[in-house]
Q: 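There's a structure below that I have some questions on.
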Amino acid sequence: MPELPELEILVSNLRDRVKDKRLGRPIIINPRVISGDPNLLEDRIIKDVKRRGKWVLISLDKIYLAFHLRLNGYIFLLEYREPDDYDCIILPVDGEYIHFGDPRRLAQMKIVNEIESLIEELGVDPLSQDFTLEYLSKSLKKKRSNIKTFLMDQDIISGIGNTYADEILFLAKINPTRPCQSLDEEEVKSLYKSIKDILEEALKLGGTSTEEFTNLISRDKSFEPRVHRREGEACPICETPIVMIKIGGRGTYYCPKCQR
DNA sequence: AGTTTGACCCGGACGC
DNA sequence: TGCGTCCGGGTCAAAC
């Protein structure tokens with residue numbers, strides 16, 4: 001399940017490969033994940049490829065094409081191969097083909113006229129200049145929920161999912177069940193730094209190696225989660241066994257000693 | 001209005 | 001082996 005770092009790399013590499021190229025006639029296999037009219041894509045030039053939160057956003061002439069991979073979606077850029085069982089649409093790009101699909105059909109592809117309709121509710125990008133300590137601090141004061149849920153709220157900060165939320169809280173030494181408003185000034189600073197540090201580290205390392213969801217990330221190394229999905233394993237700092245609890249229905253991993 | 005829960009979906013893990 | 005059941009995960013809608 002790709003989050004901000006993985007998508008950032010995917011987008012950057014996809015841009016290098018398809019910018020200024022022309023889309024051919026789309027091969028539609030499963031329209032269920034598509035909203036808007038995919039036939040509008042034919043013959044449009046790809047002007048740019050960007051990321052907005054976890055969205056992959058392709059600017060065309062006058063219209064936009066957007067992908068969200070959710071949990072199991074994928075984007076491959078390949079020479080032609082027969083559609084497989086999970087492909088939803090194949091977009092020809094100048095002799096190559098973007099295969100977009102999802103075995104569980106939760107991923108989405110949208111064709112929109114205005115970018116605003118897609119992104120207006122998204123919160124600030126944690127890697128952008130707009131993400132300041134003050135913004136984080138003010139947002140925390142407004143929220144009544146726990147800190148884990150806060151980090152995953154795309155309307156406040158866009159791009160953090162379950163994996164990096166756990167990793168950020170571990171680095172910041174903050175217990176995931178803590179109410180947002182209970183964090184003191186030092187903890188907010190620590191959280192702010194941890195958000196940036198974890199995301200930047202993951203970006204540098206080519207993201208977390210999960211199930212293959214793209215061929216647009218080549219990695220010789222990868223980000224290794226310290227606590228996420230490591231229930232029962234020793235905490236890398238104090239060797240206390242990592243604990244798993246549910247927060248908002250999501251598996252949440254933390255060290256009960258380091259994160260009080 | 002803010003927060004929590006359920007639906008969406010289906011492969012894979014697990015149990016019988 | 002094979003069938004049935006249950007879980008997970010991000011996001012949105014519905015319920016609280």
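Proteins come first, then strands; the chains are lettered A, B, ... in the order of their sequence lines, and each starts at number 1.
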Q: So which pairs with a foot in residues 237-260 of chain A pass side-chain hydrogen bond (donor to acceptor under 3.5 Å, both in side chains), sequence neighbours left out?
A: K148(A)-T252(A)
Q: More than 12 foreign heavy atoms under 6.0 Å from NZ of K196(A): is that the case here?
A: yes
Q: Show me the pairs that pass ring pair (Phe, Tyr, Trp, His ring centres under 6.0 Å) and involve residues 167-190 of chain A, at least two apart or across chains.
A: none
Q: Determine to 10° how strongly the helix from dG2(B)-dC16(C) to dC16(B)-dG2(C) is bent, judged from the axes of its five-pair ends.
A: 50°
Q: Determine, stepwise, if the pair D87(A) / Y97(A) fulfils side-chain hydrogen bond (donor to acceptor under 3.5 Å, both in side chains).
A: CA-CA 12 Å; D87(A) 283 344; Y97(A) 299 83; over 6 Å; no
Q: With heavy atoms of chain A within less than 4.0 Å as the criterion, where does contact along DNA chain C begin and end?
A: dG8(C) to dT11(C)
Q: Could you state the atom-to-atom distance from CG of L69(A) to C1' of dC9(B) in whole Å?
A: 16 Å
Q: For E233(A), enumerate each residue passing the salt bridge (Lys or Arg N to Asp or Glu O under 4.0 Å) test, keeping only those at least two apart in sequence or located in another chain.
A: R230(A)
Q: Which residues satisfy the salt bridge (Lys or Arg N to Asp or Glu O under 4.0 Å) test with R226(A), sequence neighbours excluded?
A: E201(A)
Q: Taking only N/O atoms, report every protein-nucleotides 12-14 of chain B pair under 3.5 Å with atom names and distance.
A:
none

Q: Taking NZ in K141(A) as the centre, count heavy atoms belonging to other residues, nucleotides or ligands within less than 6.0 Å. Is the count above 12?
A: no
Q: Any chance you could lay out the side-chain hydrogen bond (donor to acceptor under 3.5 Å, both in side chains) test for Q108(A) and S35(A), step after step, and finish with the verdict?
A: CA-CA 8 Å; Q108(A) 284 182 289; S35(A) 75; 5.8 Å; no
Q: Honestly curious: do L199(A) and I147(A) fall in one hydrophobic cluster under the side-chain, below-4.5 Å linking rule?
A: yes
Q: Kindly write out the residues that satisfy salt bridge (Lys or Arg N to Asp or Glu O under 4.0 Å) with K193(A), not counting sequence neighbours, or none if the list is empty.
A: D197(A)
Q: Students often get this wrong, so: under 4.0 angstrom with heavy atoms, is G251(A) touching a base, only sugar-phosphate, or nothing?
A: sugar-phosphate
Q: Send over the distance from Q108(A) CD to dA7(B) C1', rounded to a whole Å.
A: 14 Å
Q: With sugar-phosphate meaning primed atoms plus P, OP1 and OP2, does R105(A) contact a base, only sugar-phosphate, or nothing at under 4.0 Å between heavy atoms?
A: sugar-phosphate
Q: Using salt bridge (Lys or Arg N to Asp or Glu O under 4.0 Å) as the criterion, list what pairs up with R70(A), not counting sequence neighbours.
A: none
Q: Identify the two heavy atoms, one from A107(A) and one from F100(A), that lie closest to each other, and give their separation to 0.1 Å.
A: CB-CZ, 3.7 Å
Q: Rounded to whole Å, how long is the line connecting atom CG of D85(A) with atom P of dG11(B)?
A: 9 Å
Q: Quick check on contacts: within residues 140-159 of chain A, what sits under 4.0 Å from DNA chain C by heavy-atom distance?
A: M152(A), Q154(A)
Q: Which side-chain hydrogen bond (donor to acceptor under 3.5 Å, both in side chains) pairs, counting each pair once, include a residue from residues 37-47 of chain A, with sequence neighbours left out?
A: D37(A)-N39(A)
Q: Closer than 4.0 angstrom, basic N to acidic O: yes or no for R17(A) and E96(A)?
A: yes
Q: Taking DNA chain B as the partner, which of residues 29-36 of chain A come within under 4.0 angstrom of it by heavy atom?
A: R32(A)
Q: Starting at atom CZ of R250(A), determine the distance to atom P of dA7(B), rounded to an integer number of angstrom.
A: 14 Å
Q: Using a 6.0 Å cut-off, check whether atom CZ of R25(A) has over 12 heavy atoms from anything other than its own residue.
A: no
Q: Hey, mind stepping through Y164(A) and F223(A) against ring-ring contact (aromatic ring centres under 6.0 Å, His included) and telling me if it holds?
A: CA-CA 10 Å; Y164(A) 291 116; F223(A) 178 89; 5.4 Å; yes
